[in-house]
Amino acid sequence: MDHVRTSVFTRFAVPIGLISVCVVVGWAATVPLAVPNLAIAAALAFLFAALVSVHLVVFSRSGDALNLLSLTGAFYLLSFCLGGIYVWLSLPGGSRSPIIVTISHGGLATAIMLAAVAWLCLAAGYLMDPLRIVRSVWRPPSHLNAVARTGPLIALLLGIGWAGRMVLLEEGNYYHIHAAAVSPSATSWFVHTVSLLPLVALALASSDAFKPSSVTRSHGARRLFAILVFTELAWAVPTGSRESIVTILLVVIVVRYYTKRRLPSLKVAVPAILLLVFVVFPVINTYRSTDFRASPYRALSSAIEGELHRTNGQAAVAGEQTLARFADVTALARIAELGRNRMSFTTTDTIRYSLEGLVPRALFPQKLDATAFDNEFGRAYGFLSPGNFSTAIAATQPGELYLGGGWLALVPGMALLGGLLRMLDEYLGARRTDTGVLALYAVTVPIVLVGLETSIAIGFVGAIKAVALLGLVVAATGWLLSQRRTNSPVVQPRLRGV
């Protein structure tokens with residue numbers, strides 16, 4: 001009985017108490033400061049300490065460096081910590097040119113503190129695991145791959161996935177930026193999710209390539225892995241989507257980590273990051289600034305040629321534009337400065353969007369389009385012109401909760417999202433032992449991380465739906481292949497002289 005009481009106390013009281021102390025100390029360290037730059041520095045230090053501390057706690061418990069909470073922390077580090085430093089330098093009086101919207105030092109400090117509180121509440125929800133009762137009713141799968149050989153499964157997933165991609169091309173949903181506004185159809189979500197199956201196939205091939213095996217099989221697996229990586233890049237680059245390129249890299253990194261239990265070394269990681277920031281992403285930006293849909297090959301060749309002739313100063317500016325992409329803290333700062341009343345949006349709307357998001361549009365055609373929220377936010381808070389109805393500006397999930405209900409919505413809302421993140425993490429916990437679950441988790445990671453920049457209905461609810469559908473397809477195809485193998489006639493050896 002005493003052990004049970006201690007476990008309950010550790011699960012609930014300690015995280016809540018730790019967060020309360022951190023919030024009080026962090027707020028006391030930033031608000032009273034009369035010097036704005038010191039307030040920003042204190043807020044950044046507090047956020048960085050909160051991110052590192054939570055990662056160390058979770059890693060010490062699980063030994064898993066790529067759990068969903070730690071990966072979410074990496075996103076917060078980029079978007080709110082490093083992004084906050086970039087915006088700080090971009091403010092009037094800083095060392096960089098002014099940013100696109102006007103933000104004061106006090107607004108930036110408040111936004112960084114808001115992000116820190118949101119992160120601590122998310123971590124508390126993850127550590128307390130309030131939704132663990134769901135796993136006691138519906139147990140997480142121990143395996144998804146029911147076939148001994150992954151080759152037929154990879155081929156079948158590629159066939160289904162590429163069929164979905166052909167539908168995307170037919171519907172005009174291939175490019176990242178559409179020529180005109182495209183309304184979601186009854187099957188658009190289903191087709192988009194099915195089009196991710198080649199990434200699952202890539203993850204399965206990656207697992208085979210990284211596993212120690214015979215020389216002959218190893219060569220074949222690595223050859224298939226290289227072909228699929230090249231194919232995915234050939235599909236992703238012309239879309240103009242930077243997220244698609246990062247997704248391919250994340251899938252490979254995640255599979256390699258759980259197969260070999262090693263993260264990429266700094267000798268590989270640092271040059272790769274610099275290459276992405278100062279070469280690949282600027283090329284994509286130049287490519288997207290042209291009429292690339294008319295002739296993608298010509299536009300891409302022109303963008304690459306322009307990059308080859310870029311001066312050092314131009315390369316630095318291009319890299320700075322890439323860094324500005326991670327400055328999500330500006331959305332929180334605008335909400336903090338302009339107030340929450342510029343949009344008729346409440347927490348009830350978040351709940352409605354999320355509940356409706358669970359139902360496919362094919363079954364509920366009249367449900368609201370959750371993607372309209374980001375565009376309305378951009379127009380209301382000065383990121384977009386009043387007549388721009390096609391561009392989306394991420395309010396971020398902490399921003400959405402704070403916009404809808406202030407602190408009373410932010411604190412419990414982020415804790416609930418932390419519980420959902422833990423549930424998703426635990427349902428894919430067999431990634432350490434099963435190839436199928438690992439492949440599904442490798443695709444889940446980029447879905448969740450990209451979703452952090454969107455609304456809760458699209459980011460969290462959409463991620464859960466996508467993972468459920470992908471898992472169902474993988475499990476069903478694996479089962480069908482195993483049944484076919486079981487039911488196939490057995491050829492008896494023919495004996496001589498009989």
Side-chain angles (χ1 to χ4, degrees), residues 66 71 74-75 78-79 82-83 158 161-162 164-165 168-169 173-178 192-193 195-203 205-206 209 225-257 263-264 268-290 292-293 296-297 299-308 310 315 318-328 392 394 439 441-454 459 463 466:
L66 296 186
L71 290 169
F75 172 85
L78 283 174
S79 297
L82 297 181
L158 286 173
W162 277 98
R165 289 180 174 183
L168 286 181
L169 287 172
N173 291 323
Y174 170 65
Y175 294 108
H176 179 65
I177 301 175
H178 302 294
H192 173 74
T193 305
S195 70
L196 299 177
L197 285 173
L199 289 172
V200 180
L202 171 62
S206 303
F225 166 70
I227 292 173
L228 291 183
V229 168
F230 177 80
T231 304
E232 288 303 302
L233 288 174
W235 166 264
V237 171
T239 65
S241 171
R242 292 167 296 201
E243 290 84 356
S244 297
I245 298 174
V246 174
T247 293
I248 298 170
L249 297 177
L250 283 175
V251 167
V252 175
I253 290 172
V254 169
V255 174
R256 182 180 184 274
Y257 172 75
L263 289 170
V268 175
V270 173
I273 292 174
L274 292 177
L275 182 66
L276 284 174
V277 172
F278 292 101
V279 178
V280 177
F281 289 165
V283 168
I284 296 297
N285 289 338
T286 304
Y287 170 76
R288 284 171 24 169
S289 65
T290 63
F292 61 92
R293 302 174 201 85
Y297 176 77
L300 186 59
S301 300
S302 177
I304 295 174
E305 184 178 355
E307 182 64 29
L308 294 176
R310 197 187 298 270
E320 191 173 324
Q321 292 175 350
T322 301
L323 294 176
R325 176 65 179 79
F326 297 104
D328 291 329
Y441 183 76
V443 179
T444 300
V445 167
I447 292 176
V448 171
L449 294 183
V450 171
L452 292 173
E453 274 201 320
T454 61

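Just so you know, residue 1 is the first one in the sequence shown, and it goes up from there. Side-chain atoms are counted along with the backbone in the values below, which use heavy atoms only and exclude waters and symmetry mates.
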Run the side chain to side chain contact (heavy atoms under 4.5 Å, CB included) test on Tyr257 and Val252 for me, step by step, so that the C-alpha distance in whole Å, both residues' side-chain angles and the decisive distance to 0.1 Å come before the verdict. CA-CA 9 Å; Tyr257 172 75; Val252 175; over 6 Å; no
Can you measure from [atom1] ([X]) to [atom2] ([Y]) and round to the nearest 0.5 angstrom?
X	Y	atom1	atom2	result
Ser206	Ile253	OG	CD1	11.0 Å
Leu452	Ser79	CG	OG	8.0 Å
Leu158	Arg165	CG	CZ	8.5 Å
Tyr175	Arg288	OH	CZ	13.5 Å
Ile227	Thr231	CD1	OG1	7.0 Å
Ile245	Thr239	CD1	OG1	7.0 Å

Check: His192 main-chain N/O paired with Ser195 side-chain donor or acceptor under 3.5 Å: yes
Considering only NZ, NE, NH1 and NH2 on the basic side and carboxylate oxygens on the acidic side, decide whether Glu453 and Arg242 come within less than 4.0 Å.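 No, Glu453 and Arg242 are not salt-bridged.
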With respect to Leu202, which candidate in Val255, Thr247, Ile248 satisfies the side chain to side chain contact (heavy atoms under 4.5 Å, CB included) definition?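 Testing each of Val255, Thr247, Ile248 against Leu202, the sole residue satisfying side chain to side chain contact (heavy atoms under 4.5 Å, CB included) is Ile248.
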If you define the side chain from C-beta out and look only at heavy atoms, does anything of Thr286 sit under 4.5 Å from Ile304?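 Counting from C-beta outward, Thr286 and Ile304 never come under 4.5 Å.
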Least distance between heavy atoms, [X] atom then [Y] atom:
X	Y	result
Leu233	Pro238	O-CD, 4.2 Å
Leu197	Gly161	CB-CA, 3.9 Å
Leu250	Leu449	CD1-CD1, 4.1 Å
Tyr174	Trp235	OH-O, 2.7 Å
Leu66	Val254	CD1-CA, 4.1 Å
Leu300	Val283	CD1-CG1, 4.3 Å

CA sep, side-chain torsions, deciding dist, call: Leu71, Val448, side chain to side chain contact (heavy atoms under 4.5 Å, CB included): CA-CA 9 Å; Leu71 290 169; Val448 171; over 6 Å; no
